[in-house]
Asker: 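There's a structure below that I have some questions on.
Computed from a prediction, not measured in an experiment: that's the story for all the values here.
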Amino acid sequence: MTSLLHSLGRAAFRHRGPFLAGWLLLIVLVGGGLAAFGSHLDSEATIPGSQSQKGIDLLEKSQPASTGVTAQLVFVAPKGSTVDDPAYRAVVRKTVAAAGKAPQVESAVDPFEAKSVSADRRTALAQVLYPIKRDALNDSSVIALEEIAEEARSSGLRAEVGGTIYSTAGLEVGIGELVGLAVAVIVLVLTFGSLLAAGLPLLTALVGLAIGLLGLMLVSNVATVSSTAPSLALMVGLAVGIDYALLILSRHRTQLASGMDAEESAARATGTAGSAVVFAGLTVIIALSGLSVVGIPFLSVMGLAAAGTVLTAVLVAITLLPALLGFAGTRLRPTPGSRADRRERAVPGERRYGGERWARLVTRRPLVTVVGVVIGLGLMAVPAAQLTLAMPDNGTAAPESTQRKAYDLISDAFGPGRNGRLLVLVQTEEGGDPEPTATEVATGIDRLRLPEVISVSPPQFGEDARTAILTVVPKDGPRDEATERLVRDIRAAAPELGAAAGADVLVTGSTAAAIDVSDRLTSSLLPFAAIVVGLALILLLLVFRSIVIPVKAVFGFLLSVGAAFGTVVAVFQWGWLAGLFGVPTTGPVFSFMPIILIAVLFGLAMDYEVFLVSRMREEFVHTGRHRESVIAGSRHASRVVTAAALIMFSVFASFVTAEDLTLKPIALGLAVGILVDAFLIRMTLVPAILALAGKSAWWLPRRLDRMLPDPEPRRSVPHR
């Protein structure tokens with residue numbers, strides 16, 4: 001591997017023009033293809049094999065309109081008045097009539113005719129039906145409905161728009177990346193002391209990110225790509241793109257400072273640091289591809305899309321970056337006598353810099369360091385035991401958004417269960433009459449005397465003369481444990497209800513689907529983690545030819561994840577520092593948070609592990625002095641790990657300021673996880689454990705060594 005990458009780096013340096021032209025041509029081709037064909041992202045989330053998905057599939061055939069998106073118009077009269085007042089009633093009816101004629105709307109239901117008025121007669125709720133899926137709904141149609149509601153406000157009524165027309169499944173991005181890039185520039189300038197050196201990692205990261213995202217959008221024309229996929233690909237692609245370029249460029253600058261020729265330095269940096277980049281990239285790709293084991297298609301696409309972006313970042317780092325190093329030539333060499341020069345060359349007699357001083361401190365009493373870190377992170381992880389999960393809805397939207405206001409108004413006026421209605425699908429056998437059958441099932445649900453049920457609606461019949469829908473209004477909201485329990489109770493009784501009525505009975509709808517997604521994710525979390533960690537253990541075993549290194553790496557990662565989960569629970573469920581982080585309400589965390597956090601954090605943590613330990617091993621192979629190799633490796637790699645971690649922390653932390661409670665916990669968990677993993681695990685716990693293990697850290701049983709394939713021939717490790 002090293003010799004191959006060495007040759008590739010030299011070729012890119014010498015033939016920098018064609019290499020650069022090739023990458024630029026690829027951007028033009030992918031960008032041109034996207035301009036010509038556009039993109040088609042799919043916002044529909046399916047859960048194959050689940051009862052809710054089976055019910056939705058049947059409804060699409062028998063009652064297609066019932067599976068379309070809906071909007072809710074909520075009208076609230078001023079205090080001391082009611083919506084029955086002639087003036088307000090007229091405004092409500094006029095607004096509903098206008099909504100019925102809005103773009104893409106099939107119908108709008110008058111709340112007075114539907115008897116959808118609160119007990120105090122101050123709130124009226126109108127349903128607006130769209131016979132289409134969310135991804136077919138134009139943004140202009142949503143805006144048009146919001147403008148209709150705005151007109152109603154001029155009469156003194158409060159009018160808000162809610163419903164499933166607002167997507168809550170995506171990880172929306174915005175100013176966070178700009179803030180992260182601004183911080184990246186500052187950190188890189190401070191790290192390298194050169195604008196030219198600081199600009200190269202950003203340039204290569206943006207090139208890889210552009211190709212990865214444009215390619216993903218183009219692929220969406222021939223394959224199903226979820227609307228959430230670009231968000232994760234963007235977040236991860238930006239992270240690893242900067243990380244990988246940082247590692248190679250840092251090695252190149254160190255070699256230039258020691259007097260090495262620029263071409264040889266670029267080739268050697270690509271061969272040595274590039275090997276670490278390739279193996280680190282493989283661990284990230286493994287972690288992200290592991291999302292496929294969950295069995296939720298759009299989550300699999302998210303992982304594979306982000307993995308593709310990581311692969312692009314690796315290729316950019318080992319081909320485009322050496323070419324750019326060729327254009328830069330010796331201008332990247334630190335000025336002789338400068339602080340950067342002394343730091344890169346580690347001149348004997350010069351003062352020690354932060355990374356070395358810290359490594360000497362934590363390895364002076366390694367057992368104390370290990371115990372202190374483990375206890376501290378263990379305490380941080382304690383709240384994680386109470387982690388509860390749920391899918392997002394309009395109740396997790398930004399407090400000032402109209403959909404969140406509508407959600408809250410409906411909960412206050414009609415009860416929280418009105419936002420989480422369940423659909424009970426009744427399908428008779430061929431030739432059966434659905435009307436008496438559905439009525440019998442409804443009566444059966446009433447007889448169950450479930451305390452969580454407020455009401456069961458009269459049946460609505462499908463076009464196939466076999467299907468009917470019963471709407472069950474629960475007492476609690478869609479993300480409450482009581483509603484999850486209700487779904488399970490009705491499903492448990494469904495076979496008996498169906499057998500008595502001669503029909504199939506399924507609990508479906510958006511609320512049941514959200515519960516099924518959460519259950520699927522929860523049950524898949526341990527298998528996912530086991531597969532990802534297991535594959536990574538094997539990869540690290542191959543790379544470092546050691547038992548201690550892979551086990552230590554995974555142990556440290558588990559501590560980081562525990563601390564990240566514990567922080568999320570403390571803030572978003574317990575309410576600690578909720579005001580500081582702008583968390584208006586506490587409750588279950590977004591169901592995708594654990595599995596996305598594990599995938600992204602594991603990949604980045606293994607990046608830092610490979611970067612740091614690779615340098616330590618190189619020193620040990622050359623010197624045979626274990627403790628000094630640990631300290632030297634920390635000195636050389638600490639700046640890279642610190643810079644990369646600060647950049648990633650800034651990017652993720654900037655998303656914590658977002659108002660959407662879907663994104664906040666993921667961003668906070670990643671920010672805390674990166675900070676903990678880089679500084680407490682990789683730069684503190686790792687040197688301490690290696691100091692405790694001594695030369696045994698690099699030991700591998702001879703029989704196992706012979707059995708394992710060696711990805712690259714290497715010099716033997718010195719023995720005692």
Asker: Is it the case that Asp476 and Thr483 place a side-chain donor and acceptor less than 3.5 Å from each other?
Answerer: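 The answer is no; no qualifying pair exists.
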Asker: Is there side-chain contact between Asp504 and Val426, with heavy atoms separated by less than 4.5 Å?
Answerer: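 In short, these two side chains do not touch, never coming nearer than 4.5 Å.
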Asker: Is the terminal nitrogen or CZ of Arg158 (NZ for Lys, CZ for Arg) located under 6.0 angstrom from the six-membered ring centre of Phe75 and within 45° of that ring's axis?
Answerer: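 Here Arg158 fails the 6.0 Å and 45° test against Phe75.
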Asker: Would you sort out whether Leu291 and Ser300 count as a side-chain contact (heavy atoms from CB on, under 4.5 Å), showing the intermediate values?
Answerer: CA-CA 5 Å; Leu291 292 175; Ser300 301; 5.8 Å; no
Asker: Near Asp139 CG, under 6.0 Å, is it more than 12 heavy atoms from other residues, nucleotides or ligands?
Answerer: no
Asker: With distance as the sole criterion, is a donor-acceptor pair present between the side chains of Thr437 and Arg466 under 3.5 Å?
Answerer: no
Asker: Would you say the side chain of Thr388 lies within less than 4.5 Å of the side chain of Pro588, judging by non-hydrogen atoms?
Answerer: yes
Asker: Would you mind checking if Arg447 and Glu440 are paired as a salt bridge, meaning a charged N to carboxylate O distance below 4.0 Å?
Answerer: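 No, this pair does not count.
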Asker: For the pair Phe112 and Asp84, evaluate side-chain contact (heavy atoms from CB on, under 4.5 Å) and give the outcome as yes or no after the intermediate values.
Answerer: CA-CA 9 Å; Phe112 299 105; Asp84 294 320; 3.7 Å; yes
Asker: Does a salt bridge link Glu160 with Arg153, judged by any charged N lying under 4.0 Å from a carboxylate O?
Answerer: yes
Asker: Yes or no on side-chain contact (heavy atoms from CB on, under 4.5 Å) for Leu59 and Ile469, after CA distance, side-chain angles and deciding distance?
Answerer: CA-CA 9 Å; Leu59 282 175; Ile469 297 176; 3.2 Å; yes
Asker: Under 4.0 Å between a Lys/Arg side-chain N and an Asp/Glu carboxylate O for Arg488 and Asp519?
Answerer: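 Looking at Asp519 together with Arg488, the answer is yes, because their closest N to O distance falls below 4.0 Å.
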Asker: Please answer whether the main-chain N or O of Leu137 pairs with a side-chain N or O of Ser141 as donor and acceptor at a distance below 3.5 Å.
Answerer: no
Asker: Would you call Arg89 and Asp110 a salt bridge, using N to O less than 4.0 angstrom?
Answerer: no
Asker: Hey, does Thr309 have a side-chain heavy atom less than 4.5 Å from the side chain of Leu209?
Answerer: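 In contact.
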Asker: Is the shortest distance from a Lys or Arg side-chain nitrogen in Arg404 or Asp408 to a carboxylate oxygen in the other one below 4.0 Å?
Answerer: yes
